[in-house]
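Labels below follow one simple rule: chain letters A, B, ... track the order of the sequence lines, proteins then strands, and each chain is numbered from 1.
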Amino acid sequence: MLDIRLIRDNPDQVKQRLAGRSGDFASLVDEVLAIDTQRRAAETERQKLQSDRNRISKEIGIAKKNGQDTSAIEAEVRGIGSRIEEIGREADVADARQRDLLLSIPNLPHEACPVGSTAEENPEVRVWGVKPDFAFQPKDHTVLGAALGMLDFEAGVKITGSAFVVYRGAGARLERALISFLLDLHTTQHGYEEISPPLLVKPECLEGTGQLPKFGDQVYHSPEDNLYLIPTAEVPVTNLHRDEIVPLERLPIQYAAYTPCFRREAGSAGLGTRGLIRMHQFDKVELVKITTPETSMTELESLTANAEKVLQLLGLHYRVIELCTGDIGFGSAKTYDIEVWAPGQGTYLEVSSCSNFGDYQARRMNLRYKDENGKNRIPHTLNGSGTALARLFVALVETYQQADGSILIPEALRGHFGSAKIG
RNA sequence: GGAGAGGUGGCUGAGUGGUUGAAGGCACCUGACUCGAAAUCAGACGUUGUCGAAAGGCAACCGAGGGUUCGAAUCCCUCCCUCUCCGCCA
């Protein structure tokens, strides 16, 4: 959430930077300003009355000790009490309303974020490798997966529903190999601590990272326990430090976590995504960083490089694009997407989205750190997929398919997979 | 799920309805002593909000939320969590 002081002091600048996003937030900013004025007036009055009451109550205590009659003065304080209750209710309502409004205003795009309105205006930052040549017509992963007994979409539908899949045999093994390959890479080469978090979280966690209150319809919810299935490991992992004051020496914090991710994808059903591209449940290794404000932008570069390393080691052609102001996520200040080439699809697939959230999430989850002067400050949070597994699976089998229908396992993965070939 | 005990500041640990944001201890910080360190002594040492140009003032916070009262860490109610024992279970 944005700092109310920033909005109060520079409302026009805030509006101008929000204007780059899709959607109109100027009126929300005005509403917050109005409620803030109202809230502070009520708060000031309440505090003054409370101060009066405290003072007089103390006098009563002293008078009673001296055996004096205090009934008149008590009646007076009773009057103050009811006014405190009245004005206090007003202040509390305004406070809650202000928080609601702040929670529904997205983050300001960073100055470095390219201006644009749609995904078409996302600039390409760099390209790695080239599209592989095939002496034959490359097949789609669903065809390959069925032929080699790796993917069973019918079984997924049977036991759960559409957009769920069963990996089996070499497919299940390949998925498992990829998970350990990614975790080993990030923990031993890139300095991340491995985390295996709960997959169910409290609503406060989703509010902290920004999924609630605005995107509640995208998350699976268990009402009996008021717990949510995580849409990404970002949620439990970033919230590890919710409500904490982290000592400066601990920064930067770097976590890598493998988890399944659960997404309702409400509103996108039947969008014509085939195979593994868009599922309600998919595996992902997520990278999370908590850094000082001064270093977050360079940390975003290294986090993105860590995710790219995965594709480089697997020999998969990819490109990196930068999201423009109209396309970045709700809480993000700056985002790179990494898109891997999938020959069977004939398109690039987003396998990673690396974002710097600035202090937006940290302020929501009341996460702070002590700076060198002992002052509490708000750190920056970052995260990126390193990488999403289902689409990586797609790119891998489609890129390494052979004329005879078999799939070559890239050198770097063979140790984890246990053989050089499927089929 | 049942029974009991308990949730107080970075940690530990007192707390009687009344000048308690909260004793004491530890840790950390500053200063004195010292060539330096240790020990010792002195001081400082929570968070958020609000008013203020600032200095600083004020308010709230003792697991969470309600209630009683002129006044609640302290009394009452509801909920959450932790620990011990029992039950169940991978």
*Using purine N1 to pyrimidine N3 plus N6-O4 or O6-N4 for Watson-Crick, or N1-O2 and O6-N3 for G-U wobble, both under 3.5 Å, which nucleotide pairs with B/U78?*
B/A64
*Would you say a side-chain N or O of A/K370 is under 4.0 Å from OP1 or OP2 of B/U47?*
yes
*Give a yes or no on whether the backbone of A/C261 and the side-chain of A/T259 come within a donor-acceptor separation of less than 3.5 Å.*
no
_Length of the CZ-C1' vector between A/R99 and B/U48, whole Å_ = 13 Å
*Closest listed nucleotide, where the reference is the side chain of A/R39 and the choices are B/U19, B/C70, B/G49*: B/G49
*Starting at atom CZ of A/R5, determine the distance to atom C1' of B/G49, rounded to an integer number of angstrom.*
8 Å
_Counting the atoms with a prime plus P, OP1 and OP2 as sugar-phosphate, which does A/K48 contact under 4.0 Å by heavy atoms, base, sugar-phosphate, or nothing?_
nothing
*Separation of the C1' atoms in B/G24 and B/C45, to the nearest angstrom*: 16 Å
*Using atom C1' of each nucleotide, how far apart are B/G71 and B/A59 to the nearest Å?*
16 Å
*Give one of base, sugar-phosphate or nothing for A/N376, where a contact means two heavy atoms less than 4.0 Å apart.*
sugar-phosphate
*Partner nucleotide, any strand, of B/G56 [Watson-Crick/G-U, under 3.5 Å]*: B/C51
*Given that both distances must come in under 3.5 Å, which nucleotide forms a Watson-Crick or G-U wobble pair with B/A3?*
B/U84
*Please state the C1' separation for the pair B/G65 and B/G10 - nearest whole angstrom.*
27 Å
*How far, in whole Å, is B/C80 from B/G66 if one measures between their C1' atoms?*
14 Å
*Under 3.5 Å, is there an N or O donor on one side and an acceptor on the other linking the side chain of A/E74 and the base of B/G71?*
no
*Among B/G71, B/C58, B/U48, which nucleotide sits nearest the side chain of A/R368?*
B/U48
*Tell me what A/R363 touches on the nucleic acid: a base, only sugar-phosphate, or nothing, going by heavy atoms under 4.0 Å.*
nothing
*Measure up the A/Y220 and A/F262 rings against each other and bin them: parallel (under 30°), tilted (30 to 60°), perpendicular (over 60°).*
perpendicular
*C1' gap between B/U16 and B/C75, integer Å*: 13 Å
_Can you work out whether A/I4 or A/R55 has the more 5'-proximal nearest nucleotide on RNA chain B?_
A/I4
*To the nearest Å, give me how far apart CD1 (A/I245) and C1' (B/U47) are.*
7 Å
*At under 4.0 Å, does any side-chain N or O of A/R53 touch on OP1 or OP2 of B/C58?*
no
*With C1' as the reference atom in both, quote the distance from B/G17 to B/A72 in angstrom, rounded to an integer.*
6 Å
*Nearest-Å distance, CE (A/M1) to P (B/U48)?*
13 Å
*In terms of side-chain heavy atoms of A/R40, which of B/G18, B/C58, B/C51 is nearest?*
B/C51
_Watson-Crick or G-U counterpart of B/C41, or none if no pair lies under 3.5 Å_ = B/G31
*Roughly how many Å is it from CD in A/Q47 to P in B/C51, rounded to a whole number?*
8 Å
*For atom P, what is the distance between B/U74 and B/G9, given to the nearest Å?*
15 Å
*Side-chain contact test, heavy atoms from C-beta onward, threshold under 4.5 Å: evaluate it for A/E234 versus A/F357 and give yes or no.*
yes
_Nearest-angstrom distance from the residue atom CD1 of A/I60 to P of B/G71_ = 8 Å
_To the closest 0.5 Å, what do you measure between NE2 (A/H380) and CG (A/N356)?_
6.5 Å
*Counting any heavy atom closer than 4.0 Å, what does A/K202 reach on the DNA or RNA strands: base, sugar-phosphate only, or nothing?*
nothing
*A/I62 has an atom CD1; how far is it from atom P of B/U20, in whole Å?*
11 Å
*Answer yes or no: is there a donor N or O on one side and an acceptor on the other, between the side chain of A/S57 and the main chain of A/N54, under 3.5 Å?*
no
_Nearest-Å distance once atom P is located in both B/U47 and B/A32_ = 26 Å
*Do A/K309 and A/L185 come close enough that some side-chain heavy atom pair is under 4.5 Å?*
yes
*Report, as yes or no, whether the 6.0 Å neighbourhood of atom NZ on A/K370 holds more than 12 heavy atoms from other residues, nucleotides or ligands.*
yes
*Protein-nucleotide distance (A/N54, atom CG; B/G18, atom P), rounded to Å*: 15 Å
